[in-house]
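What you see is a predicted model; the values in this text were computed from it and never measured. The figures here come from the full heavy-atom set of this structure, side chains too, leaving out hydrogens, waters and symmetry mates.
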Amino acid sequence: MEHGSTTLSALRQSLSAAVPAGHSDEDGVRRQWWAALATLQEDFLLPQLPLRGLWLAAPLPALYEPELLLHLKGWVWAPDSLERLRGSVAPLLPGGAGSRGTPAPGQLPGFERLQLSDDDGSDPLLLLITPRLQVALCLDGPPRERRLVARFDPAGLSAALSLLDRRLQQQRPSAAAELRRALRELGPLANAEDVALQFWPRMAERLGTIAPSLTLQPLVHGGNRAETPRAVSSELALLEALTHEVRTPLATIRTLIRSLLRRSDLSAVVRERLEQIDGECNEQIDRFGLIFHAAELQRQPESDESGHGERERLARTDLSALLRQLEPLWQRQLERRGLQFELQVADELPPVLSDPSRLETMLGGLVDRFSRGLSGGSRVRLSLQPAGNRLKLQICSEGTRPQRPEDHRRVGPVLSWDPETGSLQLSRQATQRLFHRLGGRLAERSGSDITVFFPVC
């Protein structure tokens with residue numbers, strides 16, 4: 001059989017056969033993917049420990065629970081950049097230097113790395129086989145029609161295993177033999193009759209706890225863009241690897257914290273501390289999402305960012321209501337830093353054209369970026385006022401700013417570093433591009449204030 005029929009793209013097509021077309025955008029379908037992984041591991045696999053089984057994934061490791069990685073045999077089709085980057089970021093990654101030693105060539109802790117080809121595509125997929133649970137997950141579909149596919153049926157799983165076996169026979173026969181041996185050792189396989197009926201409601205519950213945020217985008221793309229410099233591609237790969245390693249444990253910590261907060265026997269002090277941890281996790285998860293989304297925009301040709309270039313899907317957005325909704329969150333966030341927050345919104349303002357789910361995270365990132373250079377006791381004031389056929393959102397402060405944005409040092413095309421505070425954040429140029437995609441125009445004046453203009457409907 002030709003190699004083209006054993007690509008991971010062919011596997012996704014096989015899994016998606018007869019599945020209705022999706023209606024999600026990239027951000028929404030990535031949230032579904034994270035919710036599906038968390039549901040699979042926390043609700044189905046961890047309660048079964050100790051267990052035997054195997055898993056195959058691409059283009060990054062899908063499983064992240066340490067106990068599962070110790071019990072289950074894994075194979076991951078990953079880009080070369082992930083293997084090269086491990087040398088430079090090993091001290092920061094689980095399983096790196098100082099943890100369990102250096103893995104053998106071609107081996108990563110908990111799984112074996114296989115070469116990802118250009119024809120394999122960049123959408124994530126996972127095939128998991130244990131004696132009591134067998135499932136295949138993948139993302140699929142064109143832009144604006146994205147979907148999460150989950151298959152529990154024996155026919156679909158058998159076809160997926162057959163394709164992967166042929167792929168391994170061509171690519172690494174020793175791995176194919178090991179896969180067959182592992183399947184024989186598992187013995188009879190049978191899914192619980194109601195596994196799908198349990199999976200979807202539990203995933204929906206978990207999805208409801210995931211705040212809208214800018215999530216991870218693909219690391220690899222079909223073909224190489226001539227306009228993307230090698231240095232930028234290397235930085236994007238590093239950001240993807242670091243974001244995966246940081247965001248995953250943070251998401252796990254957040255889930256555990258929220259499960260504890262459901263208890264009624266917590267003291268006021270304990271509940272307050274847990275809520276602070278939950279808030280910090282949310283901030284950092286969104287912060288890493290913003291950084292990577294900005295890096296993804298850097299891949300795109302400059303023509304996409306012109307006045308007539310592609311933007312996000314913009315809709316009528318009640319910016320006044322959004323700001324009032326976020327006010328308590330920002331107050332708690334700034335209070336943890338010894339700062340005060342004040343919101344001033346004019347009455348009866350018209351809606352603007354933007355994307356409310358993405359705008360929520362961008363505004364949070366803007367408040368975070370502006371407030372990091374403020375001294376304790378300062379007051380951050382955010383106002384929204386009419387300005388002709390636009391609305392003017394302005395952030396200013398009453399307090400000392402030890403560093404101006406122009407004093408920050410550029411770190412690559414999308415990041416800047418504040419040498420005074422040691423804070424790593426989005427550069428002004430990257431922030432401007434993100435707001436442009438959301439219908440806004442950002443202006444910053446010598447670090448004294450930040451202004452964003454939005455067109456009214």
Exercise for the section: Evaluate the criterion side-chain contact (heavy atoms from CB on, under 4.5 Å) for residue pair Val149 and Leu137; output intermediate values, then yes/no. Expected result: CA-CA 6 Å; Val149 177; Leu137 300 173; over 6 Å; no
Problem - Flag side-chain contact, heavy atom, 4.5 Å: Glu112 against Glu178 - result: yes
Exercise for the section: Measure the shortest side-chain to side-chain distance between Leu60 and Val76 over non-hydrogen atoms and say whether it is less than 4.5 angstrom. Expected result: no
Handout entry: Heavy-atom closest pair, residues Leu128 and Leu72
Key = CD1-CD1, 4.0 Å
Practice task
Would you please test Arg113 and Trp75 for side-chain contact (heavy atoms from CB on, under 4.5 Å) and show each step?
Solution key: CA-CA 6 Å; Arg113 193 190 77 84; Trp75 292 267; over 6 Å; no
Practice task
Over all heavy atoms of both residues, which pair between Leu116 and Gly121 is shortest? Give the atoms and the distance, please.
Solution key: CD2-O, 4.3 Å
Completion exercise
Residue pairs meeting side chain to side chain donor-acceptor pair (under 3.5 Å), one or both in residues 126-142, sequence neighbours left out, come to Ser16-Asp140, Asp140-Arg147
Exercise for the section: Please lay out, stage by stage, how Val135 and Arg151 fare under the test side-chain contact (heavy atoms from CB on, under 4.5 Å). Expected result: CA-CA 6 Å; Val135 61; Arg151 298 287 296 269; over 6 Å; no
Practice task
Determine yes or no for a side-chain-to-main-chain donor-acceptor pair under 3.5 angstrom, with Ser9 supplying the side chain and Asp120 the backbone.
Solution key: yes
Handout entry: Backbone N/O of Leu438 and side chain of Ser354: donor-acceptor pair under 3.5 Å
Key = yes
Practice task
Using the test side-chain hydrogen bond (donor to acceptor under 3.5 Å, both in side chains), find all partners of Gln171 that sit at least two apart in sequence or belong to another chain.
Solution key: Trp77, Arg167
Practice task
Rounded to the nearest 0.5 Å, what's the gap from CG on Leu157 to CG on Leu127? Could you check?
Solution key: 6.5 Å
Exercise for the section: Identify, with sequence neighbours excluded, every residue that meets salt bridge (Lys or Arg N to Asp or Glu O under 4.0 Å) alongside Arg263. Expected result: Asp265
Exercise for the section: Classify the angle between the aromatic ring planes of Phe454 and Phe435 as parallel (below 30°), tilted (30 to 60°) or perpendicular (above 60°). Expected result: perpendicular
Practice task
State whether the side chain of Asp194 and the backbone N or O of Leu197 hold a donor-acceptor pair below 3.5 Å, judged by distance alone.
Solution key: no
Exercise for the section: Report yes if some heavy atom in the side chain of Gln169 is under 4.5 Å from a heavy atom in the side chain of Thr6; otherwise report no. Expected result: no
Problem - Chi angles and distances behind the side-chain contact (heavy atoms from CB on, under 4.5 Å) call for Leu183, Leu161 - result: CA-CA 10 Å; Leu183 286 170; Leu161 273 174; 4.3 Å; yes
Problem - Pairs touching residues 266-275 that satisfy side chain to side chain donor-acceptor pair (under 3.5 Å), sequence neighbours left out - result: none
Problem - Inter-residue atom distance Leu56.CG - Leu168.CG, 0.5 Å rounding - result: 6.5 Å
Fill in the blank from the handout: Distance col, row Met203:CE vs Trp34:CH2, nearest 0.5 angstrom, shows 13.5 Å
Handout entry: Non-hydrogen side-chain atoms of Leu40 and Leu126 separated by less than 4.5 Å
Key = yes
Fill in the blank from the handout: Between the CG atom in Leu54 and the CZ atom in Arg181, the distance rounded to the nearest 0.5 Å is 12.0 Å
Problem - Side chain to side chain, Arg146 and His23, heavy atoms closer than 4.5 Å - result: no
Problem - Any donor-acceptor N/O pair, Gln284 side chain to Glu280 backbone, under 3.5 Å - result: no
Exercise for the section: Give the minimum heavy-atom separation between Asn191 and Phe152, together with the two atoms involved. Expected result: ND2-O, 3.1 Å
Handout entry: Minimum-distance pair of heavy atoms, taken over all atoms of Ala62 and Trp55
Key = N-CZ3, 4.0 Å
Exercise for the section: Kindly say whether Glu185 contributes a backbone atom to a donor-acceptor pair with the side chain of Arg52 at under 3.5 angstrom? Expected result: yes
Handout entry: Residue pair Pro356 / Leu322: nearest heavy atoms and the distance that separates them
Key = O-CD2, 4.2 Å
Handout entry: Heavy-atom check, side chain of Leu68 versus side chain of Leu49, under 4.5 Å
Key = yes
Problem - Validation row: Val380, Trp330 side chains within 4.5 angstrom (heavy atoms) - result: no
Exercise for the section: Hey, could you give me the CG/OG distance between Leu334 and Ser371, rounded to the nearest 0.5 Å? Expected result: 5.0 Å
Completion exercise
Sorted by chain and residue number, the salt bridge (Lys or Arg N to Asp or Glu O under 4.0 Å) partners of Glu283 (sequence neighbours excluded) come out as Arg336, Arg337
Practice task
Any chance you could measure Asp368, atom CG, to Thr361, atom OG1, to the nearest 0.5 Å?
Solution key: 12.0 Å
Practice task
Would you check if the side chain of Ser158 reaches a backbone N or O of Ala155 as a donor-acceptor pair within less than 3.5 Å?
Solution key: no
Problem - Glu327 side chain to Leu323 backbone, donor-acceptor under 3.5 Å - result: no
Practice task
Using the salt bridge (charged side-chain N to carboxylate O under 4.0 Å, His left out) rule, take Arg180 and Asp165 through it: C-alpha gap first, then chi angles, then the decisive distance, then the call.
Solution key: CA-CA 8 Å; Arg180 293 187 177 189; Asp165 178 68; 2.6 Å; yes
Problem - Contacts of Arg202 that satisfy salt bridge (Lys or Arg N to Asp or Glu O under 4.0 Å) - sequence neighbours left out - result: none
Exercise for the section: Would you mind reporting whether Leu359 and Leu319 have side-chain heavy atoms less than 4.5 Å apart? Expected result: yes
Completion exercise
Here the pair of heavy atoms bringing Arg12 nearest to Pro124 is NE-O, 4.3 Å
Practice task
Verify whether one side chain among Arg166 and Ser162 offers a donor that lies under 3.5 Å from an acceptor in the other.
Solution key: yes
